[in-house]
Amino acid sequence: MHPSIDMLEQVVRLSRHEFELLERDDAEGLVENANLRERLLQDAWLGKAGCDEMEFSGLLRAIQDLQNKLDERATTLMRQTRAELEEHRGEVNERKKTTQGILGYCKVGLDRPQTNARIFRKFS
């Protein structure tokens with residue numbers, strides 16, 4: 001088997017493995033995997049001379065299909081994460097408003113006795 005074909009087959013395996021990494025939220029593994037795929041693709045492209053062009057282009061199409069599926073899955077996960085963050089942000093804002101309201105009432109209660117005490121001092 002031609003070395004470039006072997007490299008492309010490794011890229012296909014790495015692409016399939018990347019789905020597992022996505023599901024496990026393994027960011028470091030995804031980065032390492034993507035860098036390795038990139039190097040293998042570049043090496044395969046540079047050394048493609050003398051290999052079966054039909055097999056080479058077929059593997060490239062398979063890699064492209066896998067990449068499109070990876071992109072779709074990553075986009076879906078990103079949307080879910082953004083939705084969760086927005087939901088959490090709403091909860092935090094509600095808590096902040098409640099806390100500010102409570103603190104406002106506390107300050108009003110603290111200010112009143114001091115004001116009354118001053119008034120009584122002036123009249124006595």
Side-chain angles (χ1 to χ4, degrees):
M1 179 180 296
H2 196 276
S4 289
I5 299 294
D6 187 43
M7 284 185 232
L8 289 181
E9 287 176 349
Q10 286 178 357
V11 170
V12 168
R13 285 192 297 275
L14 288 171
S15 296
R16 289 185 179 135
H17 178 63
E18 209 160 316
F19 284 103
E20 295 171 24
L21 295 172
L22 271 174
E23 295 305 318
R24 287 188 282 167
D25 293 332
D26 184 0
E28 289 180 21
L30 285 167
V31 170
E32 290 173 16
N33 201 55
N35 289 334
L36 181 57
R37 280 190 312 124
E38 179 185 14
R39 283 192 306 271
L40 285 171
L41 270 171
Q42 287 175 348
D43 292 345
W45 186 261
L46 293 174
K48 70 179 179 163
C51 71
D52 182 14
E53 290 181 24
M54 293 298 288
E55 189 175 6
F56 191 84
S57 62
L59 285 169
L60 284 177
R61 279 192 295 278
I63 292 167
Q64 184 178 14
D65 290 342
L66 285 169
Q67 184 62 48
N68 290 338
K69 289 176 184 176
L70 281 169
D71 290 345
E72 289 172 13
R73 183 64 187 141
T75 302
T76 302
L77 290 172
M78 186 174 65
R79 284 187 189 132
Q80 289 173 350
T81 303
R82 281 188 181 158
E84 290 172 6
L85 286 173
E86 285 299 320
E87 186 177 308
H88 181 67
R89 185 179 298 153
E91 292 171 5
V92 168
N93 286 339
E94 286 300 316
R95 282 190 207 131
K96 198 182 279 186
K97 287 178 186 177
T98 304
T99 304
Q100 287 173 347
I102 292 170
L103 288 174
Y105 281 116
C106 291
K107 287 179 182 176
V108 167
L110 290 175
D111 287 343
R112 265 193 115 134
Q114 292 173 354
T115 306
N116 289 340
R118 286 187 207 142
I119 290 173
F120 288 123
R121 278 190 213 138
K122 288 183 181 178
F123 290 118
S124 0

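All heavy atoms count here, side chains included; hydrogens, waters and symmetry mates do not. Just so we're clear, the structure is a prediction, and the values are computed from it rather than from any experiment.
Residue Arg16 holds its CZ atom at 11.0 Å from CG of Leu70, rounded to the nearest 0.5 Å. To the nearest 0.5 Å, the span separating CG on Leu77 from CD on Glu23 amounts to 6.0 Å. Between the CZ atom of Phe56 and the CE atom of Met7 there is a distance of 9.0 Å, given to the nearest 0.5 Å. With values rounded to the nearest 0.5 angstrom, Asn33 atom CG is found 4.5 Å from Leu14 atom CG. Taken to the nearest 0.5 Å, the CZ atom of Arg24 stands 9.0 Å off from the CG atom of Leu30. The CD atom of Gln10 sits 10.0 Å away from the CG atom of Asp43 when rounded to the nearest 0.5 Å.
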Audit row: Glu53, Lys48, salt bridge (charged side-chain N to carboxylate O under 4.0 Å, His left out) steps and yes/no: CA-CA 8 Å; Glu53 290 181 24; Lys48 70 179 179 163; over 6 Å; no

Check against side-chain contact (heavy atoms from CB on, under 4.5 Å), Glu38 and Leu41: CA-CA 5 Å; Glu38 179 185 14; Leu41 270 171; 5.9 Å; no

Test log, rule side-chain contact (heavy atoms from CB on, under 4.5 Å), inputs Leu8 and Leu40: CA-CA 7 Å; Leu8 289 181; Leu40 285 171; over 6 Å; no

Derivation and outcome, side-chain contact (heavy atoms from CB on, under 4.5 Å), residues Phe19 and Lys69: CA-CA 9 Å; Phe19 284 103; Lys69 289 176 184 176; 3.6 Å; yes

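Checking side-chain atoms of Asn35 against main-chain N and O of Val31 turns up a donor-acceptor pair under 3.5 Å. Looking only at distances, no side-chain donor or acceptor of His17 sits under 3.5 Å from a matching main-chain atom of Val12.
Closest of all the heavy-atom pairs between His2 and Cys51 is CG-CB, 3.3 Å. Minimum interatomic distance between Ser15 and Leu66 (heavy atoms only, all atoms of both residues): CB-CD1, 3.7 Å. Between Ile5 and Glu55, the shortest heavy-atom distance links the atoms CG2-OE2, 3.4 Å. In this structure, Ser4 and Ala44 approach most closely via the heavy-atom pair OG-O, 3.0 Å. The heavy-atom pair separating Leu22 from Ala74 by the smallest distance is CD1-N, 4.4 Å.
Salt bridge annotation for Glu86-Arg89: present, with a cationic side-chain nitrogen under 4.0 angstrom from a carboxylate oxygen.
With hydrogens and angles left out, the side-chain atoms of Gln42 and Arg37 include no donor and acceptor closer than 3.5 Å. Looking at Gln64 and Asn68, their side chains never bring a donor and an acceptor atom within 3.5 Å of each other.
Both Leu60 and Met1 are part of a single hydrophobic cluster, where members link through side-chain heavy atoms under 4.5 Å apart.
For Met54, the CE atom sits in a loose shell: 12 or fewer heavy atoms of surrounding residues, nucleotides or ligands are nearer than 6.0 Å.
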